[in-house]
Amino acid sequence: MIMPPATDRFMTRARVRLTAMLILAATIIGLCTLFATAHGTVDSLGRPLGTDFSNVWTAGHMADQGRAPEAWDWPTQHEVQKQVHHNDAIPFYGWHYPPPFLIIATLLAQFPYVAALLIWQGLSLTLCLTLVRRILPDDRDAILVALGAPVVLVCLGHGQNAFLTASLLGAGMLLLDRRPWVAGMLLGALVYKPQFAVLIPVLILARGNMRAFLSAGLTVTALCLLTLAIWGWPVWQAFIESLPLTRHIIIEAGATGWEKIQSPFAAIRQWGGSIPAAYAVQAIVSALAIAAAALVARRGSMAARGAAALSAALLCTPYVLDYDFVLLGVAIAFIAADMAARGTLRWEPTWLAYAWIAPLFGRAVSEWTLIPVNLIAAIAVLTLATRRAILMDGALTGFRSWPFRRSREEFVH
């Protein structure tokens with residue numbers, strides 16, 4: 001939500017700055033309280049500090065002990081989590097990642113649990129903030145508003161990897177034209193979180209950048225071969241064998257909680273729809289999102305392409321949680337940069353403000369009203385990016401008529 005002087009009268013820079021300062025203060029106070037009231041690695045509510053980080057550190061710990069394939073066996077990993085936290089009542093947080101993420105998990109497991117959590121979140125958040133600064137180098141409020149974004153608190157509270165995911169995808173899109181080999185490496189590294197990488201080949205090909213495509217493919221191959229060299233085929237076999245259970249329990253049955261999952265699939269399931277209906281809606285939304293992002297990738301500005309890619313990535317998977325909307329925060333930064341460079345379209349500041357604040361109450365609103373607040377935010381940001389590409393970059397040049405060209409004048413202030 002870092003933006004130039006807004007055309008929406010209510011959305012002023014002063015209000016943006018004040019809101020970010022208040023939420024950042026609440027984030028700092030909340031996290032300090034969480035750690036101050038913890039007992040060892042367990043917080044006052046009986047959960048591991050960093051909650052989801054428990055499965056990351058435990059998987060790395062098991063790999064370090066020569067038990068890497070067992071990380072995908074849920075009962076076995078739960079027993080190890082109980083031992084790690086010295087608490088038989090500790091909740092279970094399952095390990096569902098492909099083997100390449102086990103490389104990072106093993107490195108983190110070389111440190112004590114709490115130290116590893118702080119290193120993990122500190123380094124990945126720093127990467128994300130550095131990216132925001134690169135996107136908005138001249139905006140004095142960029143870091144403040146990025147740090148104050150509610151999704152930062154959500155991600156930190158869960159010890160999650162969304163800062164890294166957003167950094168890889170955002171930096172890859174930022175460098176795609178100027179440094180295609182580096183961009184491909186960054187995008188290929190998303191093999192650790194493949195549900196957010198399904199649209200990457202389409203975007204690279206839409207851009208016609210074969211060097212980035214080759215680089216991404218080589219990076220994926222190298223990371224997979226590295227896991228085979230370290231742990232052998234058993235880790236891949238364990239991962240593949242765990243997929244049906246993950247799909248049935250976590251995705252289709254919504255064991256995580258439908259209010260936490262903010263995908264088209266989850267919305268249909270939360271509204272009482274069947275699994276086939278949910279998959280059908282998810283497929284339609286995914287296809288539309290990829291098509292929109294490809295259109296922007298082909299003809300849009302660099303900033304519009306980045307915003308489209310990050311927001312579309314959130315719409316292309318049935319399993320996306322509220323902490324993953326760090327990606328949407330980076331997408332907002334991309335649009336803000338485009339606004340600063342080329343002007344603001346009507347209602348953009350208001351929708352960006354909505355997308356920025358949505359993770360603060362998205363889970364609660366979804367639980368009580370069944371309205372997928374965060375999903376709406378992702379659709380809105382993708383729509384804004386696509387609109388900018390159409391109106392400002394002529395993404396639909398072959399289909400434009402005089403009335404359509406006039407619409408740009410009606411929208412731009």
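Along the sequence shown, residues are numbered consecutively beginning with 1. The figures here come from the full heavy-atom set of this structure, side chains too, leaving out hydrogens, waters and symmetry mates.
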Participant: Answer yes when Arg342 and Asp393 have at least one side-chain N-carboxylate O distance shorter than 4.0 Å, and no when they do not.
Facilitator: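 Judged by the 4.0 Å cut-off on N to carboxylate O distance, Arg342 and Asp393 do form a salt bridge.
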Participant: Can you name the one residue among Phe53, Tyr323, Phe325, Phe163 that meets ring pair (Phe, Tyr, Trp, His ring centres under 6.0 Å) with His158?
Facilitator: Tyr323
Participant: Is there a donor-acceptor contact under 3.5 Å from the side chain of Gln110 to the main chain of Thr106?
Facilitator: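 Present.
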Participant: Are Trp95 and Tyr97 close enough that their ring centers fall under 6.0 Å?
Facilitator: yes
Participant: Would you say that more than 12 heavy atoms from the other residues, nucleotides or ligands in this model lie under 6.0 Å from the CZ of Phe111, or not?
Facilitator: no
Participant: Ion pair present between Arg388 and Glu348, side-chain N to carboxylate O less than 4.0 angstrom?
Facilitator: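 A salt bridge links Arg388 with Glu348.
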Participant: Regarding Lys193 and Asp324, does a basic nitrogen lie under 4.0 Å from an acidic carboxylate oxygen?
Facilitator: yes
Participant: Does one side chain, of Thr227 or Trp236, offer a donor that lies under 3.5 Å from an acceptor on the other?
Facilitator: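 Side-chain D/A pair, Thr227 to Trp236: present.
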Participant: Can you find a side-chain donor-acceptor pair between Thr397 and Arg299 that sits under 3.5 Å?
Facilitator: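 Their side chains do contain a donor-acceptor pair, which is all the 3.5 Å distance test asks for.
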Participant: Asp322: which residues meet the salt bridge (charged side-chain N to carboxylate O under 4.0 Å, His left out) condition with it, sequence neighbours left out?
Facilitator: Arg363
Participant: We want to know whether Thr58 and Tyr93 form a side-chain donor-acceptor pair, criterion being a heavy-atom distance below 3.5 angstrom.
Facilitator: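 Absent: no donor and acceptor within the cut-off.
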Participant: Could you work out, with salt bridge (charged side-chain N to carboxylate O under 4.0 Å, His left out) as the rule, every residue matching Asp64, not counting sequence neighbours?
Facilitator: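 By the salt bridge (charged side-chain N to carboxylate O under 4.0 Å, His left out) rule, Asp64 matches no residue at all.
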Participant: Verify the ring-centre separation between His78 and Trp74: is it less than 6.0 angstrom?
Facilitator: no
Participant: Report the relative orientation of the aromatic rings in Trp351 and Tyr354; use parallel for angles under 30°, tilted for 30 to 60°, perpendicular for over 60°.
Facilitator: perpendicular
Participant: How close do Leu327 and Ala162 get, counting heavy atoms only, and between which atoms?
Facilitator: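 Nearest heavy atoms, Leu327 then Ala162: CD1-O, 4.2 Å.
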Participant: Keeping the roles fixed (side chain from Ser366, backbone from Gly362), state whether a donor-acceptor pair exists under 3.5 Å.
Facilitator: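 Looks like no, no N/O pair under 3.5 Å.
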Participant: Going by the rule salt bridge (charged side-chain N to carboxylate O under 4.0 Å, His left out), which residues pair with Asp43 if we only count those two or more places apart in sequence or in a different chain?
Facilitator: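 Checked Asp43 against salt bridge (charged side-chain N to carboxylate O under 4.0 Å, His left out); matches are Arg47.
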Participant: Evaluate whether atom CZ of Arg133 has more than 12 neighbouring non-hydrogen atoms of other residues, nucleotides or ligands under 6.0 angstrom away.
Facilitator: yes
Participant: So, taking the atom named CG in Leu24 and the one named CG in Leu147, what distance separates them when rounded to the nearest 0.5 Å?
Facilitator: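 Leu24 CG to Leu147 CG: 5.5 Å, rounded to 0.5 Å.
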Participant: Would you check if the side chain of Gln262 reaches a backbone N or O of Asn374 as a donor-acceptor pair within less than 3.5 Å?
Facilitator: yes
Participant: Under 3.5 Å, side chain of Gln282 to main-chain N/O of Phe265, donor-acceptor pair present?
Facilitator: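 Side chain of Gln282 to backbone of Phe265, a donor-acceptor pair under 3.5 Å: yes, one is there.
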Participant: Are any side-chain N or O atoms of Ser274 and backbone N or O atoms of Ala277, one a donor and one an acceptor, separated by less than 3.5 Å?
Facilitator: yes
Participant: Mind checking what makes salt bridge (charged side-chain N to carboxylate O under 4.0 Å, His left out) contact with Glu252, not counting sequence neighbours?
Facilitator: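 Salt bridge (charged side-chain N to carboxylate O under 4.0 Å, His left out) list for Glu252, sorted by chain: Arg247.
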Participant: Fit a plane to each ring of His85 and Tyr113, take the angle between them on a 0 to 90° scale, and name the class: parallel (under 30°), tilted (30 to 60°) or perpendicular (over 60°).
Facilitator: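 Ring orientation, 0 to 90° scale: perpendicular.
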Participant: Give me each pair satisfying salt bridge (charged side-chain N to carboxylate O under 4.0 Å, His left out) with a member in residues 205-217, each pair once, sequence neighbours excluded.
Facilitator: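 Counting only pairs at least two positions apart or across chains, the salt bridge (charged side-chain N to carboxylate O under 4.0 Å, His left out) contacts touching residues 205-217 are Asp177-Arg207.
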Participant: Taking only residues two or more places apart in sequence or in another chain, which ones pass side-chain contact (heavy atoms from CB on, under 4.5 Å) with Ala25?
Facilitator: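 With sequence neighbours excluded, Ala25 shows a side-chain contact (heavy atoms from CB on, under 4.5 Å) to no residue whatsoever.
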